[in-house]
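What follows is a short report on a single structure.
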Amino acid sequence: MSESQTSIQLPVLDISQPLHSSSLLSLVEACREWASPFFESLRVSGPDFFGSAHSSANVLFDQQVSEFSEILQEYGKKMTELSNRIVEIVLMSLGDGFEKKYYDSEFKNCHGYMRIINYSPPESLKEEVEGLGMHTDMSCVTIVYQDETGGLQVRSKEGKWMDISPCEETLVVNVGDMLQAWSNGRLRSSEHRVVLKQLVNRFSLAFFWCFEDDKEILAPDEVVGEGNMRIYKPFVCSDYLRFRESNEEGKFEKVGFTVKDFAGIGLQM
Ligand SMILES: O=C(O)CCC(=O)C(=O)O
Ligand SMILES: [Fe+2]
């Protein structure tokens, strides 16, 4: 799954010329609407986490540091095992024997990638600072490690932000859009964000476990359940990923931006 298949029009300012108010406006919009200035991340893709990390390390570091790639290979392997186990348990929770019925037929080609994230500290905490704006993940499940700084928040159905406080030896698992669609909305893709609450760097690792790009997502009849309406049209994963990437980040609430907007049928929950 690639994260940047479509391009957006970035404003270009020629600072050798007098600045017009229109160019200042586009600058203000760019600062407000696009990615947080506090967020930076490195993506490492599986299944060859070593190779992916190594090619970045070669660019980032002067010397060869295999240790970095080896650690990420190990982390990726562990997270892959954990994701498989989580999917199995989630299937069991959806119905008796569902893990046997659906694990191999639906989930065995899933793949993972991770994001190593650094949030730089804001200059002051006078107002609430978002390090990462509200979004849902496009994965089936995401496994998040956050350091002791905290700041991860999830939105309740009523729209209230709740802190997910860091807890030693514990990882956070989010359901993502793909699993929401596959489960016909029985599982809810969590709306979450990161707020910066301390004047220190924040470090996190997010591992995304996703269906293969060319998979068509269609909730099995038995998962929908007798007498229930199907609420998503079948769709191909890569089409949804493209749809999400072609919407500007940050406009989550203003424009249709979720799996409901993409594949929802009629009235939604
Ligand atoms: O940094 C975090 O704790 C969460 C990151 C996240 O939600 C994401 O990368 O999708
Ligand atoms: Fe996320």
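Every number for a ligand or one of its atoms is a count from 1 in the order of the listing.
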query = So if you build clusters from Ile, Leu, Val, Met, Phe, Trp, Tyr with side-chain heavy-atom gaps below 4.5 Å, do V223 and I89 land together?
reply =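 Shared cluster, no.
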
query = Are V173 and Y145 joined in one hydrophobic group, where the rule is that I, L, V, M, F, W and Y side chains link up if heavy atoms are under 4.5 Å apart?
reply =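 Yes, V173 connects to Y145 through the hydrophobic network.
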
query = With a cut-off of 2.8 Å, which protein N/O/S atoms are close to the Fe ion (ligand 2), if we only count those under it?
reply =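 H135 NE2, D137 OD1, H192 NE2, with waters left out.
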
ask   = For residues N228 and N184, is any side-chain donor paired with an opposing acceptor at under 3.5 Å?
value =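 Short answer, no.
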
task = Could you check if a side-chain atom of Q180 sits within less than 4.5 angstrom of a side-chain atom of L187, using non-hydrogen atoms only?
result =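 A side-chain contact under 4.5 Å is absent here.
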
task = Anything under 30° is parallel, anything over 60° is perpendicular, the rest tilted; go ahead and classify F50 against H54.
result =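 Parallel: the ring planes of F50 and H54 meet at under 30°.
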
query = Taking the inter-plane angle between the rings of F61 and F68 on a 0 to 90° scale, is it parallel (under 30°), tilted (30 to 60°) or perpendicular (over 60°)?
reply =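 Correct class here is perpendicular.
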
request  = To the nearest 0.5 angstrom, please state how far the CZ atom of R43 sits from the CD1 atom of I116.
outcome  =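 R43 CZ to I116 CD1: 12.0 Å, rounded to 0.5 Å.
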
query = Salt bridge between E212 and K215, side-chain N to carboxylate O under 4.0 Å?
reply =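 Salt bridge: no.
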
Extract all N/O-N/O pairs under 3.5 Å that connect ligand 1 to the protein, and present each with both atom names and the distance rounded to 0.1 Å.
{"residue": "ligand 1", "atom": "1 (O)", "partner": "Y119", "partner atom": "OH", "Å": "2.6"}
{"residue": "ligand 1", "atom": "1 (O)", "partner": "R202", "partner atom": "NH1", "Å": "3.0"}
{"residue": "ligand 1", "atom": "1 (O)", "partner": "S204", "partner atom": "OG", "Å": "2.7"}
{"residue": "ligand 1", "atom": "3 (O)", "partner": "R202", "partner atom": "NH1", "Å": "3.3"}
{"residue": "ligand 1", "atom": "3 (O)", "partner": "R202", "partner atom": "NH2", "Å": "2.9"}
{"residue": "ligand 1", "atom": "7 (O)", "partner": "H135", "partner atom": "NE2", "Å": "3.2"}
{"residue": "ligand 1", "atom": "7 (O)", "partner": "H192", "partner atom": "NE2", "Å": "3.1"}
{"residue": "ligand 1", "atom": "9 (O)", "partner": "R115", "partner atom": "NH1", "Å": "2.9"}
{"residue": "ligand 1", "atom": "10 (O)", "partner": "H135", "partner atom": "NE2", "Å": "3.0"}
{"residue": "ligand 1", "atom": "10 (O)", "partner": "D137", "partner atom": "OD1", "Å": "3.1"}

query = Do Y240 and F262 have ring centroids that are under 6.0 Å from one another?
reply =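 Judged by ring-centre distance (under 6.0 Å), F262 and Y240 do meet the cut-off.
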
